[in-house]
Structure formats: structure tokens, C-alpha cells
Amino acid sequence: MSNLNVAPFVKWAGGKRQLLPQIKERMPEKYNRYFEPFVGGGAVLFELLPENALINDSNRALINVYTTICKEPEAFLKAMRKLDEEMWEDGKAYYYFLRECYNKKLMKSEYDIEQAALFVFMNKHCFNGLYRVNGKGLFNVPYNQSRRASVDEKLIRNVSKSLQGVIIMNGDFEDACANAAEGDFVFLDSPYAPLNPTSFESYTKEGFDIESHKRLARLYDDLTARGCYCMLTNHNTEFIKELYGNKGYKIDVVSVKRMINSDASNRVGEEVIICNYEKKAAVAR
């Protein structure tokens, strides 16, 4: 699969495309299976194209898109073409009409091909590609004034090919790692810890609170004890350093551009890449 031209098919908050060089240079030399409990847009998955992989996300609507593209790419593309071709002259009104259709399917838990296509249309035509829901679990991101095509059909077909044989789960991150064993590589890109320690906000209805981060840190320790290679990314905050510091883990600080931030002055920041193994080759800081 290494010759496939594959990339994320959605924009995702906290996506790791800009960190791919730093992530790849810190990868273990060899590993058995690949686990990604917070797959999001899949930037790392589609860059590595591992032979034996398990991916997971708590966002059921997102995982429905992965499953649909994997199993029924042509039906998905047909649904996408229909949405794009039927766009009204008033793009804004069309977007809000489709957003209402999407939310009705969410309320009915209708996770099908149409819902997958609506998800991607929303992602491509909403503000900053942000996935955000209100207290009722309904998608509420405004229109971005775009009329561009929602997908690259060749890319979707390549993504479908790359997902063949990949185990796709929708559930808790601990469940996704239940079978991870010695020699497996686990890439953990959880929702960010807040830069402001007094406010825990999340892009998803389920939320990822302080206890979730503590539980993830315990899982990281457990995976380490199992002999797994673990790499974790997050904001460079005191809270994260408290969770992972003083345990012998290698913590590298890297600079990033934060694309989803209304305040341009806050678009440059620092993240950490935390590994429980040492690469033989020296890594430039």
C-alpha cells in the first residue's frame, strides 16, 4: 500500500499533518501492529499506511464515514456528487438546509451512506472544518461561504483501498488498546488539554475532561508495562508535564501553528511529543 497517494479526507481540529516529519523521525525502528485510539482525520495513519492496524474514535459519525468509505466507496461518491451538484444558488441557505438534515439523522442515530456524505459536506463547507456540537449533540458550526467540490474522488478511492484490512472501532480509547501487546506501536493523539487550566472545553459532546486525561496517562503507563511502543502528543502544559514527567519518558517540545483559533496571536504555540522508548539515532530538538 506504500505507493498509494493517500491523505486525510476531512479537516480535523488538532490534526497532525504539520507534525508528520517530527512524528516520523521519532517512530520506533520496527513494530508489530499499529494502534490509533483517537484517529480523527487520520493524518498519521494515511502517512504511515501500516500493514496491520486498528483505528478508533469516540465520534460515531466520523467512524461511520471511515466505515462507509472503506466498504462502499462508490456509493459514498455518488452521494457526494449529488450533494455538490444540487447546491442552490444561495449556498448559505443550502448549507443550513443540509445541516438540519444532518442533525435529524444524528437525532435518529441513522449512521448510513447519506449521513457519511452529509458529514463530509458539512466539514468542507463549515467554518474552519471544525466539528462542534451543542448541548443536545447537534452540529452547529456556521457556513464558510465555500462552493468548492467536497471530495477528490481519486483520493477517496485510494483511502478506501488503504482501509482494507484495517480494524475500525467506535468506542473508548481503553477498549481500543485492550489487545495491544509487546512490540506493538500505539499513537495517542487525544483531545488537547486546555492552555488555560481553569477551563476544560471539548470539540465533542462526550467531552474529554481532567479525569479522562488522567485515565489516558494510566493507560500509557499500562501500555509501557506491556512492552508497547507509545507516542503521545498534546499541548505543552504544566498539567501534561505533571501526568507524564518524572517517569523516564522522553518529552520533546515542538513548535506548531494552531490553525483553528480566532485570535491570530494565539496561532503559534508548543506541543509535546512523549515517547516511552529511545531512538538509536539522535533526534534534533
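Just so it is clear, the values below take in all heavy atoms, side chains as well, and ignore hydrogens, waters and symmetry mates. Please read all numbers here as calculations on a predicted model, not as lab measurements.
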Would you compute the distance between atom CZ of Arg218 and atom NE2 of His213 and round it to the nearest 0.5 angstrom? 13.0 Å
To check you understand the geometry: which heavy-atom pair defines the closest contact between Val39 and Asp57, and what is its length? N-OD2, 3.5 Å
For Ser162 versus Val6, what's the shortest heavy-atom pair and its separation? OG-CG1, 4.0 Å
Is it true that a side-chain atom of Asp184 and a backbone atom of Cys228 form a donor plus acceptor pair closer than 3.5 Å? no
Do other residues, nucleotides or ligands put more than 12 heavy atoms under 6.0 Å from Phe97 CZ? no
Please check if atom CD in Gln145 has more than 12 non-hydrogen atoms from other residues, nucleotides or ligands closer than 6.0 Å. yes
Over 60° means perpendicular and under 30° means parallel, so tell me whether Phe185 and Tyr277 are parallel, tilted or perpendicular. perpendicular
Fit a plane to each ring of Tyr244 and Tyr249, take the angle between them on a 0 to 90° scale, and name the class: parallel (under 30°), tilted (30 to 60°) or perpendicular (over 60°). tilted
Return the minimal non-hydrogen interatomic distance between Val186 and Cys177, and the atom names on each side. CG1-SG, 4.0 Å
Is the closest side-chain heavy-atom distance between Met169 and Ile63 below 4.5 Å? no
Inspect the surroundings of CD in Glu100 and state if more than 12 heavy atoms from other residues, nucleotides or ligands are less than 6.0 Å away. no
Taking atom NZ of Lys250 and atom CD1 of Ile274, what is their separation to the nearest 0.5 Å? 12.0 Å
Working note: Val44 + Asp189, criterion side-chain contact (heavy atoms from CB on, under 4.5 Å); need CA distance, chi angles, decisive distance, verdict. CA-CA 10 Å; Val44 177; Asp189 180 30; over 6 Å; no
Steps toward side-chain contact (heavy atoms from CB on, under 4.5 Å) verdict (Glu270, Val256): CA-CA 6 Å; Glu270 291 182 340; Val256 293; over 6 Å; no
Short side-chain to backbone donor-acceptor contact, Ser160 and Cys70, under 3.5 Å: yes
Quick check on Glu211: does its CD atom have over 12 non-hydrogen neighbours (other residues, nucleotides or ligands) under 6.0 Å away? yes
With no hydrogens and no angle check, is any side-chain donor or acceptor of Asn123 less than 3.5 Å from a backbone partner on Lys11? yes
Just wondering, do Phe46 and Leu163 contact through their side chains at under 4.5 Å, heavy atoms? yes
Checking Arg99 side chain against Val141 main chain: does a donor-acceptor pair fall under 3.5 Å? yes
Measuring from atom NZ of Lys214 to atom CG of Leu216, what distance do you get when rounded to the nearest 0.5 angstrom? 13.5 Å
Electrostatic pair Lys24-Glu47, nearest N-O below 4.0 angstrom: yes
Candidates Phe76, Phe139, Phe9, Tyr94 - the one meeting ring pair (Phe, Tyr, Trp, His ring centres under 6.0 Å) with Phe121: Tyr94
Beyond-backbone contact of Val10 with Val65, side-chain heavy atoms, under 4.5 angstrom: no
Would you say that Val133 contacts Asn140 through its side chain, given a criterion of any heavy-atom pair below 4.5 Å between the two side chains? no
With a 3.5 Å distance limit and no angle check, can you tell me whether Tyr95 reaches the backbone of Ser146 through a side-chain donor-acceptor pair? no
In Å and rounded to the nearest 0.5 Å, what is the CD1 to CG distance from Ile69 to Asn158? 11.5 Å
Without swapping roles, check the side chain of Asp252 against the backbone of Val272 for a donor-acceptor pair under 3.5 Å. no
Report the C-alpha distance between Lys247 and Asp221 in whole Å, list the side-chain angles of each, state the deciding distance to 0.1 Å, and finish with yes or no for side-chain contact (heavy atoms from CB on, under 4.5 Å). CA-CA 9 Å; Lys247 294 182 179 180; Asp221 295 340; 2.8 Å; yes
With a 4.5 Å heavy-atom cut-off, do Asp112 and Lys105 have their side chains touching? yes
Trace of the salt bridge (charged side-chain N to carboxylate O under 4.0 Å, His left out) decision for Asp222 with Arg226: CA-CA 6 Å; Asp222 178 47; Arg226 292 187 221 171; 2.7 Å; yes
Would you check if there is a donor-acceptor pair between the side chains of Asp209 and Ser212 at a distance under 3.5 Å? yes
Are Met122 and Met107 connected in a single hydrophobic cluster, I mean Ile/Leu/Val/Met/Phe/Trp/Tyr linked by side-chain heavy atoms less than 4.5 Å apart? no
I would like to know whether Glu74 and Leu77 meet side-chain contact (heavy atoms from CB on, under 4.5 Å); could you show each step before the answer? CA-CA 5 Å; Glu74 295 307 321; Leu77 287 172; 4.1 Å; yes
Taking every non-hydrogen atom, the tightest pair across Ser150 and Met80: CB-CE, 3.3 Å
Mind checking whether Trp12 and Phe119 have parallel, tilted or perpendicular rings, split at 30° and 60°? parallel
Is it true that Tyr192 and Glu271 share a donor-acceptor pair across their side chains at a distance under 3.5 Å? yes
Gap separating the CD atom of Glu110 from the NZ atom of Lys104, nearest 0.5 angstrom: 11.0 Å
State, yes or no, whether a side-chain contact exists between Tyr143 and Phe127 at a heavy-atom distance under 4.5 Å. no
Start with the C-alpha distance between Glu153 and Arg81, add both sets of side-chain angles, then the distance that settles salt bridge (charged side-chain N to carboxylate O under 4.0 Å, His left out), and finish with yes or no. CA-CA 9 Å; Glu153 295 201 0; Arg81 283 193 293 270; 2.8 Å; yes
Does Asn134 use its side chain to pair, donor to acceptor, with the backbone of Lys136 at less than 3.5 Å? yes
Counting only heavy atoms not in Asp90, do more than 12 sit closer than 6.0 Å to its CG atom? yes
When you measure from the side chain of Arg147 to the backbone of Glu89, do you find a donor-acceptor pair of N or O atoms at a distance under 3.5 Å? yes
Under 6.0 Å from the CG atom of Asp175, do we count more than 12 heavy atoms belonging to anything else shown? yes
So for atom NZ, which belongs to Lys92, do other residues, nucleotides or ligands contribute more than 12 heavy atoms lying within a distance under 6.0 Å? no
In one Ile/Leu/Val/Met/Phe/Trp/Tyr side-chain cluster, 4.5 Å: Tyr131, Leu98: yes
Quick check: does any side chain N or O of Asn56 sit under 3.5 Å from a backbone N or O of Phe38, one acting as donor and the other as acceptor? no
Going only through I, L, V, M, F, W and Y residues with side-chain contacts under 4.5 Å, is there a path from Val159 to Ile168? yes
Verify, without hydrogens or angle tests, whether Asp172 (side chain) and Ser58 (backbone) share a donor-acceptor contact under 3.5 angstrom. no
For a quick test of reading the model, state the closest non-hydrogen atom pair linking Tyr220 to Asn276 and the distance between them. OH-N, 3.1 Å
Is there a donor in the side chain of Tyr34 and an acceptor in the side chain of Glu36, or the other way round, less than 3.5 Å apart? yes
In the structure I gave you, are the side-chain heavy atoms of Tyr96 and Pro142 within less than 4.5 Å of one another anywhere? yes
How long is the straight-line distance from OG1 of Thr68 back to CD1 of Ile113, given to the nearest 0.5 Å? 6.0 Å
Are any of the side-chain heavy atoms of Ile273 and Lys16 separated by less than 4.5 Å? no
Closest heavy-atom pair and its distance - Asn144, Cys126: ND2-O, 3.1 Å
